[in-house]
Amino acid sequence: MKLIWSKESLFNLAKEKFSDHHLIVVSNREPYIHNYVGSKIECEAAVGGVTTALDSVMCATGGLWIACGNSKADKEVVDLNNKVMVPPKEPLYTLKRIWLTKKEINGYYYGFSNQALWPLCHSTYVQPIFSESQWNTYKKVNSKFAQSVLEEIGNRKALVFIQDYHLALLPHLIKEARPEVTVAQFWHIPWPRQQVFSTCPWQEEILNGLLGNDLLGFHTVRHCRNFLTTVNRATKARVNYGKAEVVWNEKETIVRHFPISVDFEQLSQDSQKDEVQEEIKRLKAELGLSDEFIGISIDRLDYTKGIPQRLLAIDRFLDRWPEYKGKTVFIEVQVPSRTQILSYRRLERKVDTLVKKINLKHASGDWKPIITLPGPLPPNTLAALRSMADLCIVSSLHDGMNLVAKEFIASQYDNDGTLILSSSTGAARELGDALLINPLAIDQFAASIKGALDMPKSERHNRMRKKRSIVKKSNIYKWAADIFSELAKLP
Ligand code: F6P
């Protein structure tokens with residue numbers, strides 16, 4: 001058994017077990033986007049922990065990745081089969097783009113995926129919207145993906161690895177057409193309690209879709225259990241809780257947990273690069289920072305991330321311990337997300353108002369407690385922020401994993417940083433040495449910020465060392481290797 005998985009050992013494993021298979025990854029979000037910059041077309045990595053994580057896997061294994069093309073110049077660079085090799089600097093795998101109409105994007109992505117399934121699976125008191133027309137578009141787009149995957153498989157032996165909740169019907173559609181193809185899916189968000197999922201009017205169709213998988217992965221044991229209970233109550237499938245297996249229409253689906261992670265070594269090395277050290281100097285000068293204690297948070301502007309709660313905790317912290325005014329700053333990197341959805345636009349306004357109010361209340365002279373940086377930011381700037389921060393705050397109300405937490409840990413090569421982490425994230429299951437918080441308990445949250453600031457250096461180092469050793473071992477290559485190893489055991 002290998003101690004630390006790497007790009008090389010993952011490549012060897014994939015070659016040993018699946019060299020005769022065509023590997024196809026399928027997701028909604030594409031890993032690379034092409035845009036016009038002046039008269040030129042430039043390619044850059046898409047924003048998002050999941051695409052970044054899976055890109056590392058695909059660079060190790062090679063293969064084909066099918067995803068929606070949605071950037072301005074995406075159509076310009078593909079060949080007649082809608083394919084382009086990526087990453088741009090060192091092409092290692094093929095990206096095949098699927099084109100959706102505006103109506104399809106509205107019904108499938110902004111609609112059923114992110115107004116029904118997203119709030120349904122995250123317990124954050126945002127009511128899911130179940131619209132029949134959005135559901136119909138979701139079905140149509142899943143069929144479109146199925147057609148594209150099946151075209152690619154042809155007569156070959158294939159392993160199809162599907163990502164996330166946008167494509168819940170795809171596994172069944174593939175299996176129905178090609179029962180011998182190996183199909184696996186990873187559900188990157190939580191699976192809620194059975195009572196919650198049962199409010200979805202199309203729960204049986206969704207479960208039927210997912211039970212087309214040979215292997216279905218979640219981040220945590222709890223998500224697996226919630227899924228098995230949902231299947232047990234909603235269908236006539238046979239559920240074996242002990243083995244975490246479901247038999248439905250004589251087909252078996254195994255359900256396992258695989259906590260996703262990051263490329264630890266790469267992030268750790270990146271934060272020590274000269275360019276990143278230069279970027280730290282530039283950022284500090286631009287933001288007018290000298291030796292303040294720096295807290296950072298990096299989030300998509302999403303109601304699951306607990307951003308207003310974090311701002312209220314900062315406000316409470318400064319109310320209770322005013323001696324920290326002028327000595328502490330909190331940098332909030334905010335990446336606009338899903339802005340066509342009303343609840344996201346409302347959140348943006350709420351966050352903006354709160355930041356202005358808190359800054360006005362506590363500011364003095366040139367100093368203000370909260371600095372907002374609109375994202376997405378370039379990789380070197382993100383690396384610089386993680387590196388220069390003394391504290392990272394992840395305050396999600398509910399989160400499948402949260403890779404920002406793991407990215408921060410991987411960047412602390414000198415062990416000198418503290419992580420405040422919501423106990424409602426998947427990451428909290430592994431990272432007990434973080435300062436765990438309940439983001440809704442604002443007073444305790446504020447006290448944790450104080451605790452982070454006052455923590456003796458030796459304790460800070462000790463806790464970070466332990467967290468780094470966990471993320472180092474349980475890196476992104478191990479996540480993929482565990483999934484491939486489990487698939488290799490299938491009959
Ligand atoms: O974590 C769930 C997820 O859908 C990821 O797949 C993705 O990285 C993230 O949320 C961002 O979502 P979107 O693709 O809608 O920007």
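Both counts, for ligands and for their atoms, begin at 1 and track the order of listing.
Counting only non-hydrogen atoms, the option in Leu54, Val47, Asp164 that gets closest to atom 5 (C) of ligand 1 is Asp164.
The pair Asp433-Lys467 does not count as a salt bridge, with every side-chain nitrogen at least 4.0 angstrom from each carboxylate oxygen.
Between Lys350 atom NZ and Leu301 atom CG the span is 13.0 Å, to the nearest 0.5 Å.
You'll find the ring centres of His34 and Tyr32 outside the 6.0 Å limit.
Between the side chains of Asp55 and Tyr93, at least one donor-acceptor pair of N or O atoms lies under 3.5 Å.
Atom 15 (O) of ligand 1 has as its closest protein heavy atom Tyr109 OH, 2.4 Å. At the top of the distance list for atom 10 (O) of ligand 1, counting protein heavy atoms only, stands Arg338 NH2, 3.6 Å. Ranking the protein heavy atoms by distance from atom 16 (O) of ligand 1 puts Arg29 NH2, 3.0 Å first. Counting protein heavy atoms only, atom 7 (C) of ligand 1 is closest to Val50 CG2, 4.2 Å.
Below 4.0 Å from some heavy atom of Ile189 lie the following atoms of ligand 1, by number and element: 2 (C).
Contacts between Trp118 and ligand 1, counted as non-hydrogen atom pairs separated by less than 4.0 Å, involve the side chain only. Of the heavy atoms in Arg300, only side-chain atoms (C-beta onward) come closer than 4.0 Å to ligand 1.
Exactly one of Arg338, Gln115, Arg300 qualifies for a side chain to side chain donor-acceptor pair (under 3.5 Å) with Tyr344. That residue is Arg338.
Under the 6.0 Å distance and 45° angle rule, Lys75 counts as a cation-pi partner of Trp99.
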